[in-house]
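Worksheet: the structure to be examined is printed underneath.
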Amino acid sequence: MAFPDWAYKAESSPGSRQIQLWHFILELLQKEEFHHVIAWQQGEYGEFVIKDPDEVARLWGRRKCKPQMNYDKLSRALRYYYNKRILHKTKGKRFTYKFNFSKLIVIHHPLKAEGPLVACHVQRGRDVTGMGTGRRGGR
DNA sequence: AACGGAACTG
DNA sequence: CAGTTCCGTT
């Protein structure tokens with residue numbers, strides 16, 4: 001599955017902010033060595049399956065120095081993404097979620113979308129990724 | 001398993 | 001602000 005490069009840039013900025021869960025997920029998805037743990041679902045674009053929930057949680061807990069992490073907690077964090085419109089659940093399919101790429105791409109290319117005024121869509125108070133527009137209010 | 005409120009953390 | 005922890009409910 002081909003994926004926009006910006007999506008994998010989590011670690012490429014060393015002294016930057018803390019790793020975001022959706023970013024971490026993308027990171028695992030990108031690497032072959034984790035394909036038995038989490039992988040893209042063939043067919044639906046952006047849909048992925050967590051084949052080993054405990055392992056994904058363990059890895060996430062490791063990254064965040066949160067040894068008590070488990071799938072129950074991790075999935076709660078994923079559920080918060082529903083409202084932020086980063087992810088949604090694929091109902092019926094176990095451990096299966098789907099990314100909202102259209103949304104993510106709009107946030108990363110606010111002006112490329114259509115015209116000069118479209119940027120307002122992103123800036124109306126809710127930056128779903130926290131990386132798109134960065135600091136506001138400075139002026 | 002999946003959901004979502006609520007309190008809490010850095 | 002982006003989760004983490006806990007937990008009652010479906």
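Order of the sequence lines sets the chain letters (A, B, ...), proteins ahead of strands, with each chain counted from 1. Note that these values count all heavy atoms, side chains included, but never hydrogens, waters or copies made by symmetry.
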What is the distance, to the nearest angstrom, from the [atom1] atom on [X] to the [atom2] atom on [N]?
X       : N     : atom1 : atom2 : result
A/Leu78 : C/dT5 : CG    : P     : 14 Å
A/Ile50 : B/dA1 : CD1   : C1'   : 12 Å
A/Lys73 : C/dC6 : NZ    : C1'   : 8 Å
A/Leu74 : B/dA1 : CG    : P     : 13 Å
A/Ile19 : C/dT4 : CD1   : P     : 11 Å
A/Asn70 : C/dT5 : CG    : P     : 8 Å

Mutual orientation of the aromatic rings belonging to A/Phe48 and A/Tyr97 [parallel < 30°, tilted 30-60°, perpendicular > 60°]: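 Correct class here is parallel.
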Using the six-membered ring wherever Trp is involved, compare the ring planes of A/Phe24 and A/Trp60 and label them parallel, tilted or perpendicular (cut-offs 30° and 60°).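 Rings of A/Phe24 and A/Trp60: tilted, as their planes differ by 30° to 60°.
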Please tell me if A/Trp22 has a side-chain N or O lying less than 4.0 Å from either OP1 or OP2 of C/dA2.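 For A/Trp22, the contact criterion (side-chain N or O under 4.0 Å from OP1 or OP2 of C/dA2) is not met.
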Does the ring centre of A/Phe99 sit less than 6.0 Å away from the ring centre of A/Tyr45?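 No - the distance between ring centres of A/Tyr45 and A/Phe99 does not fall below the 6.0 Å cut-off.
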All N/O pairs under 3.5 Å across the protein-nucleotides 2-4 of chain B interface:
from, atom 1, to, atom 2, distance (Å)
B/dA2, OP1, A/Lys89, NZ, 3.2
B/dA2, OP1, A/Phe95, N, 2.7
B/dA2, OP2, A/Tyr71, OH, 3.3
B/dC3, OP2, A/Tyr82, OH, 2.7
B/dG4, N7, A/Arg76, NE, 3.2
B/dG4, N7, A/Arg79, NH1, 2.7
B/dG4, O6, A/Arg79, NH1, 3.0

Show the numbers, then the answer: is there a side-chain contact (heavy atoms from CB on, under 4.5 Å) between A/Asn100 and A/Ile86? CA-CA 5 Å; A/Asn100 264 328; A/Ile86 291 173; 5.7 Å; no
Inter-residue atom distance A/Lys73.NZ - A/Lys66.NZ, 0.5 Å rounding: 9.5 Å
Would you kindly check if the NZ (Lys) or CZ (Arg) of A/Arg76 is within the cone defined by 45 degrees around the ring axis of A/Tyr80 and under 6.0 Å from the six-membered ring centre?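 Ring-cation test returns yes.
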Report each atom pair, protein N/O against N/O of nucleotides 7-10 of chain B, whose distance is under 3.5 angstrom.
none

Salt bridge or not between A/Arg63 and A/Glu27? Use side-chain N to carboxylate O under 4.0 Å. yes
Looking at A/Lys51 and A/His35, what are the two nearest heavy atoms and their distance?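 Between these two residues, the closest heavy atoms are NZ-O, 3.1 Å.
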